[in-house]
Amino acid sequence: MRAFATARGGLVAAGLMAATAGTAAAQAPRPAAPPAPRSAPAASVPPSPTVPAAPGAPAAASAAAAPKTLTAAIDDLGKLDYAVRTAASAAVRRAPAEQAVPALMNAVSSHADGYVRFRALVLLAGIGDPRTRDVMIPAIDDANDRLREVAYAWLEANPEPPLAPKLIAKLETEVSEFVRPSLVRALAALGSDPKVQAVLLKDVTRGEDIFRSAVIEALGLHKAAYAVPALSAIAALEGPLQDDAVVALARIGDPKGLEIVIAQQGKAPRARQPALAAAICLLGRNCDTHERFLSETLVFTTKNMGHQELARSAAEALGVLARSGRASAWDALIAIGDPSVDPVRAPIALAAAGAAVGGDPAVVLGALERASDPKAALLLLRDGFDMLSEDFAEERFYARLRALYWQAPEGSPARTRIQRVMTALDF
């Protein structure tokens, strides 16, 4: 498992400047109470609207930070000031689609700031307009690696079999450690193609571990039964990829995988045991017992500092179960993570964020509601989102939250809870 491969943190100012030349930019830490204004059904953005103006979630408005027009909001997506960028994203999300979609498409194609182009493409993907494809497909060939990452992530969610030959060819030239996993997942979504199967099976056994890990994870998430023999061979070997392989086998759900995983329990080192426990649980064997082992292991690391590798492994394993929809795993992550302190809190928060963007938002909302301290639980999730650099996945999470918001009756407690979550996560 490689949850921390998605946490880029850090180089915000330098990254944003470099993005104007087509390079990646990192995510900034979030302020305690960022503004999130909404737009009216017009090109201008009023200072303090009282209801959402478009199919987007409401949030607290900040007249001081609110951009005055949609064009200004898009320009602000590349500002160094995080509060300004957050306000700009919120304004664009809440603009009417008939205005926002053409403006975002134009920004993706022609804006001078490379980071603005990237953020425009992310926001466009969250809207879900059919015209998104017109800019998403060309982005595959863009020099801006951030755009390529988003384009491949979009293709994973919207597979296009005719593009398989082109994506296979891209594997030979794409070397960015942040982009290549998205490309691999886009290919894994086309797993019924024999040529795709062949190239992914080849990549399981070649290259650097970080790239092989991405392939293994993609095969598991897309339930690639054809990869069971190759994954079983990796799962049987002690090493850094064993965790990925056993979890992938469990996600595929092939009964033969259970024998491979159980065989490792008696000889795997301590730090590998959590992944094995999660895999056995996913495969339907003594799940409650294995989940309890994960919780007890994680609690141990919070009370006995100095076991960071074990803390990471246990948190990631619980995150795998939470992502699969197990409410009890969510409850354990929140209950253990809430009172924890760094350095153990960080992997717990990141595991929770990863489970949220990869799982069912309704399950996440239920977990937050069940928490003994919902505000503290939401803060834990927010901490994880701060570390998680998965812009496309985060935007899709927001879009699904937005859909749940509009499905809930007006004035209902459900709407209030969803609004609170979206506001806290800077949506």
Are any of the side-chain heavy atoms of [X] and [Y] separated by less than 4.5 Å?
X	Y	value
D383	I348	no
H290	L321	no
P374	R417	no
L121	W154	no
E149	S176	no
F392	E156	no
R117	D142	yes
M136	L155	no

Give a yes or no on whether [X] atom [atom1] has more than 12 heavy-atom contacts from other residues, nucleotides or ligands under 6.0 Å away.
X	atom1	answer
K166	NZ	yes
R285	CZ	no
Q265	CD	yes
E238	CD	yes

**OP:** Carefully, step by step, assess Y226 and L200 under the rule side-chain contact (heavy atoms from CB on, under 4.5 Å).
**Re:** CA-CA 10 Å; Y226 62 87; L200 290 180; 3.6 Å; yes
Quick check against the 3.5 Å criterion: does [X] have a side-chain atom that pairs as donor or acceptor with the backbone of [Y]?
X	Y	result
T132	G128	no
D81	V84	yes
H111	D113	yes
S313	A271	yes
R119	Y115	no
E390	V357	no
R85	L80	yes
S109	N106	no
S213	I210	no
R272	G239	yes

Original post:
Passes side-chain contact (heavy atoms from CB on, under 4.5 Å), E160 versus R133? Steps please.
Top reply: CA-CA 11 Å; E160 296 206 9; R133 185 186 185 281; 2.6 Å; yes
Subject >> Intermediate values then yes/no, side-chain contact (heavy atoms from CB on, under 4.5 Å), V247 and E217 >> reply: CA-CA 8 Å; V247 170; E217 181 184 38; over 6 Å; no
Which atom of [X] lies closest to which atom of [Y], heavy atoms considered:
X	Y	value
G359	R400	O-NH1, 2.9 Å
I140	R148	O-CD, 3.3 Å
V246	A279	O-CB, 3.4 Å
G126	E395	CA-CG, 3.8 Å
L124	M105	CD2-CG, 3.7 Å
A424	L378	CB-CD2, 3.5 Å

**OP:** Test salt bridge (charged side-chain N to carboxylate O under 4.0 Å, His left out) on D254 and K256 and set out the steps.
**Re:** CA-CA 5 Å; D254 190 305; K256 295 188 293 292; 3.2 Å; yes
Rounded to the nearest 0.5 Å, how far does [atom2] of [Y] lie from [atom1] of [X]?
X	Y	atom1	atom2	result
R212	I216	CZ	CD1	6.0 Å
L123	L104	CG	CG	6.0 Å
I168	L183	CD1	CG	10.0 Å
F293	L276	CZ	CG	9.0 Å
T86	L77	OG1	CG	10.0 Å
Y152	R185	OH	CZ	13.0 Å

Subject >> Intermediate values then yes/no, salt bridge (charged side-chain N to carboxylate O under 4.0 Å, His left out), D203 and R180 >> reply: CA-CA 12 Å; D203 270 18; R180 194 174 177 91; 3.0 Å; yes
**OP:** Mind running side-chain contact (heavy atoms from CB on, under 4.5 Å) on Q419 and R415 for me, showing each step along the way?
**Re:** CA-CA 6 Å; Q419 176 178 340; R415 272 201 176 187; over 6 Å; no
**OP:** Would you check, one step at a time, whether the test salt bridge (charged side-chain N to carboxylate O under 4.0 Å, His left out) holds for D129 with R131?
**Re:** CA-CA 5 Å; D129 190 278; R131 291 168 288 180; 2.8 Å; yes
**OP:** Measure the acute angle between the ring planes of F385 and F397, then classify it against the limits of 30° and 60° as parallel, tilted or perpendicular.
**Re:** tilted
